[in-house]
Amino acid sequence: MAGAAGAVVGALPVGTAYASAASSPYAAGPGIPPGTPPVLLTEQASKRILVLDPRRRVWDPAAEPGVVRWQFSPLGDPRYQDLRPDVSWVYPCEAKVRVHRKRALVLTTASFGFVAAVEYPTGRRYWGAALGPGDDLFNPHSAELLPDGNVAVACSTGALVRVYAASLGPDATRYAEDGLKGAHGLHWDRARRVLWAIGDDDLVAYEVGGTSARPTLTRTSVTPLPVAVPGRTAGGHDLFPVAGRPGRLWVTTNAAVYQYDQRHGTFVRNYAGSEAIDRASVKAVGNDPRTGQVLSTVPEKGLEETWWTTKVSVHRPEAAYTLVNGGIYKARWWLPR
């Protein structure tokens, strides 16, 4: 599956931009609202993070390299050599863009141990680590940037949440840790100043204390996730802020897509567009507050891996993007925050 997508684009230097994330050589396709942001995704077939042109419904990087605004892969990059990306960067499974001291950083993880905060567009390493490189004993599944420049990591197989003192430098190893079964997603809540984490069964809020050099991690609340079948695990997966709705979080489980209302402590399913968005096995979900569009990804049958898809679903209104020869896991709107 990696062949055509990686042959042309992957030959260019990693961590470099093709164009500004605000520009495009193409006219918008039919039904694509003006101002639609670029799409950031984890592309596992070619082992890359991609930022793609939102004005093309079909992305074919081999035929039209210009649809790729930016790409990142640590493979062959000396700045990440010590993280052993040849064995740790196997299934890139998270990508989100954050801003720290006026620098855009892409937070990314890969299932066989890789985790990093990557400066956009240079690809420079802000911070990185390899957790058990070459195996899935930790399986870093998500990461988040904290206000002091430290980085939180959720490890699903390792059943833990860590806060690394990344503010100390690109190879800092000191961390605080707490156990969380099936840790899958993280979000820093600026308003409440808590770190949210989602696991197999619970949505957990943490207070991050101590100092930047010596952080601490303390649970402040635990909220059980809704269970579709009594006696089964909920299977919490994605966790992301509802843009434009302070106090709400997107929460996906094995069975459904919710919005968590923090004020009332409830999981809501009657949000706008829920009739199409709310479904099983959603790996990523997020909205663009300017256009009202929502992105989501769900596995597609018949691909090399059971969790891959070639399509990024768009809601409000319903549409889709397609990556030719793709193996997409998660997709996000490019909305630096």
Side-chain angles (χ1 to χ4, degrees), residues 91 93-94 96 109 111 136 138-144 152-162 177-189 192 194-207 217-242 245 247-287 294-301 305-309 313 315 329-332:
Y91 294 116
C93 54
E94 179 65 286
K96 59 176 72 167
T109 63
S111 296
D136 62 355
F138 286 92
N139 196 355
H141 207 83
S142 185
E144 180 63 291
V153 182
C155 298
S156 59
T157 309
L160 55 85
V161 174
R162 285 180 175 175
E177 177 180 298
D178 184 58
L180 178 61
K181 179 187 172 187
H184 260 72
L186 295 168
H187 168 62
W188 173 255
D189 189 325
R192 289 167 173 77
V194 299
L195 177 66
W196 293 98
I198 192 171
D200 281 347
D201 304 303
D202 299 306
L203 177 65
V204 178
Y206 288 101
E207 176 187 355
L217 196 58
T218 305
R219 289 192 182 201
T220 58
S221 71
V222 178
T223 304
L225 297 172
V227 177
V229 179
R232 297 276 186 91
T233 182
H237 201 280
D238 199 30
L239 179 64
F240 215 67
V242 179
R245 290 291 304 270
R248 285 213 175 185
L249 300 172
W250 290 107
V251 169
T252 75
T253 69
N254 288 341
V257 178
Y258 302 90
Q259 288 186 3
Y260 178 67
D261 184 330
Q262 298 178 38
R263 180 181 177 186
H264 298 100
T266 56
F267 293 91
V268 177
R269 297 180 76 175
N270 62 347
Y271 50 84
S274 60
E275 61 279 359
I277 301 167
D278 184 11
R279 60 210 196 280
S281 302
V282 171
K283 302 302 183 183
V285 63
N287 64 299
V294 176
L295 281 187
S296 67
T297 56
V298 294
E300 178 183 342
K301 293 181 179 179
E305 301 291 356
T306 58
W307 55 86
W308 284 4
T309 182
S313 299
H315 315 281
Y329 187 61
K330 288 181 181 176
R332 314 277 191 202

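These numbers come from a predicted model, not from an experiment.
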What heavy-atom pair brings [X] and [Y] nearest, and what distance separates the two atoms?
| X | Y | result |
| --- | --- | --- |
| Asp200 | Thr233 | O-OG1, 3.3 Å |
| His237 | Lys283 | ND1-O, 3.4 Å |
| Ile277 | Ala272 | CD1-O, 4.0 Å |
| Leu160 | Ala183 | O-CB, 3.5 Å |
| Asp238 | Lys330 | OD1-NZ, 4.1 Å |
| Asp178 | Tyr206 | OD2-OH, 2.6 Å |

If we only count heavy atoms from C-beta on, is the [X] to [Y] side-chain gap below 4.5 Å?
| X | Y | answer |
| --- | --- | --- |
| Val257 | Trp250 | yes |
| Leu239 | Tyr260 | no |
| Asp136 | Tyr91 | no |
| His187 | Glu144 | yes |
| Ile198 | Leu225 | yes |
| Arg219 | Leu180 | yes |
| Asn287 | Val242 | yes |
| His315 | Ser296 | yes |

Checking [X] side chain against [Y] main chain: does a donor-acceptor pair fall under 3.5 Å?
| X | Y | result |
| --- | --- | --- |
| Thr266 | Val268 | no |
| Thr109 | Pro140 | yes |
| Thr297 | Tyr329 | yes |
| Ser274 | Arg269 | yes |

Quick one: [atom1] on [X] to [atom2] on [Y], what's the gap to the nearest 0.5 Å?
| X | Y | atom1 | atom2 | result |
| --- | --- | --- | --- | --- |
| Thr252 | Asp278 | OG1 | CG | 10.5 Å |
| Ser313 | Arg279 | OG | CZ | 4.5 Å |
| His141 | Thr157 | NE2 | OG1 | 9.0 Å |

Open item on the list: Counting neighbours of CZ on Arg245 that are heavy atoms of other residues, nucleotides or ligands and sit closer than 6.0 Å, is the number greater than 12?
Closed with: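 Atom CZ in Arg245 is not packed in, count stays at 12 or less.
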TODO: Please step through side chain to side chain contact (heavy atoms under 4.5 Å, CB included) for the pair Leu203 and Trp196, ending with a clear verdict.
DONE: CA-CA 7 Å; Leu203 177 65; Trp196 293 98; 3.8 Å; yes
Open item on the list: Run Gln262 and Asp189 through side chain to side chain contact (heavy atoms under 4.5 Å, CB included) and show every step you take.
Closed with: CA-CA 11 Å; Gln262 298 178 38; Asp189 189 325; 3.0 Å; yes
TODO: Could you tell me whether the side chains of Thr218 and Glu207 share a donor-acceptor contact shorter than 3.5 Å?
DONE: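 No, no side-chain donor-acceptor contact under 3.5 Å.
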Task: Working for side chain to side chain contact (heavy atoms under 4.5 Å, CB included), residues Glu94 and His184 - done: CA-CA 10 Å; Glu94 179 65 286; His184 260 72; over 6 Å; no
Open item on the list: Students often mix this up, so state it plainly: with edges at 30° and 60°, are the rings of Tyr258 and Phe267 parallel, tilted or perpendicular?
Closed with: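 Perpendicular.
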